[in-house]
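Working notes for the structure below.
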Amino acid sequence: MEEMSMLDDFLIKLFHEGNCLESYKLFGAHKEIVDGVEGVRFTVFAPNARSVQVVGEFNGWNGSNDYMERYYDGGIWTKWIPNVKAFQMYKYRIEGQSGNVFDKADPYAFFSEMRPGTASKFIDIDNYKWKDQKWLKNRTKNFDKKLNIYEVNLGSWKLKKEFTDTEDGEFYSYEELIDMIIPYAVENGFTHLELMPLNEFPFDGSWGYQATGYFSATSRYGNPKQLMKFVDECHKAGLGVIMDMVLAHFVKDAHGLVQFDEGFVYEYADVNRRYSEWDSVYFDAGKDEVRSFLMSAVNFWIDVYHMDGIRFDAVSNMLYWKGNKFIGENDGAIEFLKRMNTKINEAHPSVMMIAEDSTDYPFVTKPASEGGVGFDYKWDMGWMNDTLRYFKEDPVYRQYDHNLLTFSMMYFYTEKFILPFSHDEVVHSKGTILDKMWGNNDQKFAQVKALYVYMMTHPGKKLNFMGNELAEYKEWDEKKALGWEILKFPQHDSFHTFFKDLNMLYKDHSALWESDYEYDGFKWMVVDDNAQSVFAYTRTDKEGNCILVVANFIGNSHDAYQVPVPFSGSYKEILNTDQDVYTGSNMTNPRAIRSKKGQCKNEENYITVKLAPFSASVFEYRKPAEKKKTARKTTKKPVKKSKTTKTAKK
């Protein structure tokens, strides 16, 4: 038939082979002109269906005249319908093999009805005029660049109207947030926003991690064009955008992907492998059509919304069955991850692929061609757990758990790690980062500042969840805005200032990010003083400039602590957590300190510093400029010209 000849047979072939990155150009609802009449072509994959109708506002939700037709034998159904208007709602009415008839949202819809509604909406997303070409041209994966990520739930960063027990709250739109969160993130020294999932999802409490619309920008904050403008404006301000996605599992809601056509299109047919610990349904990533669906979803957000990175949740549940290494490796899902990372990297070589993986599965950030899984970065969950455990502990006992802070460098170079203090650490009775610290209020504030110096100067890229920068006591709740009002209290206000200053220090010193994944970028200076819980280490850039960090993680002070240094010269303190501007006692090192000759630990030079209780200091050493060699002037004696020369000239 003429109407079916419009489908792209090459994309269909790739789709069934599990190699398609653009199945969203084939499936879903697309504007199409037939015989001079403007309409929309609807296409869906439902291999087990007896029949499929398109129902919507344009036909009074009666699909008796809009039955879809099979396209060849591959389970693809298609129908062109004239005069469909923008934002009109629709669904697919599917008849299963049993004769049951039920309605499903479009798996490839670009927009959806506001929850609790479940219909898909038609929208043409093709004509936004991007202005970020220069940004995209200069974009990299940031291995040797600064990468300081601000993880955000757009809905609860700030609320237009608070939620109550009886009434819904109101969110700011993508466009309204442009003038709010973008300048805030830039002023606070962040390089990237990481947005919790923006794909459509039915339940606010899942935060987007249990999705129904993998190609549908959530209607909570506006429409797709507004989201495009938001990302465009981020890039204009020099701010990258990363989005969270979940490829491991999807929500069980009846209008979604679950038993889509009464068969198991997206999930495992084996009931023992089908359901996750979150009462959701696992994708069967061994199926070729599922692989094309998921790879296309990832490519979609990069291609259509210009995302600079995708962070994948629950990767451990794809590497191992149910995330448990003792049950065994999920070969189908592992092969899918390798294929996806390879293909996305080929299509978008400057986009970051980030794994949230809590297992010790090897080579997660090694290219698939070299035997790895192919991600660019992996969250260092081990570092996060060990570090927070150390700071929760009574300082009396920290001497016995010194290894909690030294162990990370034993394995650090096995992967390209990001150090995360994410939303998972500050929700559901886990306490905030500040609240996890040992001691009374003043001791907690002192330690959380020292903790952040340790985090921001440790090798690896950085990630903090919104509110961490305010030293929140209130755990994150998706129905409540951040506690901005606490900034009226001096301790919180000064901590916010400290956090911003520390981010700027990180941003301005290439030693803290240029050689993150190179052995010579980090060196322990004091690693074995467990009795006093003092640590010191250096970070060095490629020019030989050096950052020295000295941290005292118990309540004792030191008036003259000797710290070995790698270079002879002057060391200037550029940040101290005990400065009075940060509500400290001002036990600092205000003057530059000249190193002294003398064996100290394994170095031939040392400096003597003051260390306040529960404090961290950052010193800068700048490599002296090399003196240019000037050529020595010589007096040239006149050369006598020989007769032979004169004769030759004549």
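This is a predicted model, so every value here is computed, not measured.
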Checklist line | salt bridge (Lys or Arg N to Asp or Glu O under 4.0 Å) partner of Lys461, the single match among Asp380, Asp516, Asp144 | finding: Asp516
Would you name the heavy atoms of [X] and [Y] that are closest together and state the gap between them?
X: Asn341; Y: Gly374; answer: CB-O, 3.3 Å
X: Phe110; Y: Tyr24; answer: CZ-O, 3.7 Å
X: Asp204; Y: Glu478; answer: O-CG, 3.8 Å

Is it possible for you to check whether [X] lies under 6.0 Å from the centre of the six-membered ring of [Y], through NZ or CZ, and within 45° of that ring's axis?
X: Arg291; Y: Phe15; answer: no
X: Arg539; Y: Trp513; answer: no
X: Lys462; Y: Phe190; answer: no

Can you tell me if [X] and [Y] form a side-chain donor-acceptor pair at under 3.5 Å?
X: Asn223; Y: Tyr174; value: no
X: Asn330; Y: Tyr282; value: no
X: Ser112; Y: Ser216; value: yes
X: Asn503; Y: Lys146; value: no
X: His249; Y: Gln210; value: no
X: Ser510; Y: Asp541; value: yes
X: Ser296; Y: Asn299; value: no
X: Gln97; Y: Asn48; value: no
X: Arg41; Y: Thr78; value: yes
X: Asp308; Y: Trp135; value: yes

Does this structure show an ion pair linking [X] with [Y], if we count only N-O contacts that are shorter than 4.0 Å?
X: Glu335; Y: Lys338; value: no
X: Asp360; Y: Lys325; value: yes
X: Arg389; Y: Glu393; value: no
X: Lys252; Y: Asp279; value: yes

Spatial distance of atom [atom1] ([X]) from atom [atom2] ([Y]) [nearest 0.5 Å]:
X: Phe300; Y: Leu294; atom1: CZ; atom2: CG; result: 14.5 Å
X: Tyr454; Y: Ser408; atom1: OH; atom2: OG; result: 4.0 Å
X: Phe102; Y: Arg93; atom1: CZ; atom2: CZ; result: 11.5 Å

Next item on the list: Report the relative orientation of the aromatic rings in His235 and His306; use parallel for angles under 30°, tilted for 30 to 60°, perpendicular for over 60°.
Entry: parallel
Notebook entry, point to check: Once the angle between the rings of Phe535 and Trp524 is folded into 0 to 90°, is it parallel (under 30°), tilted (30 to 60°) or perpendicular (over 60°)?
Noted result: tilted
Check: Which of these, Glu113, Lys91, Glu200, sits in a side chain to side chain donor-acceptor pair (under 3.5 Å) with Thr118?
Finding: Lys91
Margin query: Between His423 and Tyr209 (judged by ring centroids, cut-off 6.0 Å), do the two rings come close enough to count as a pair?
Written below: yes
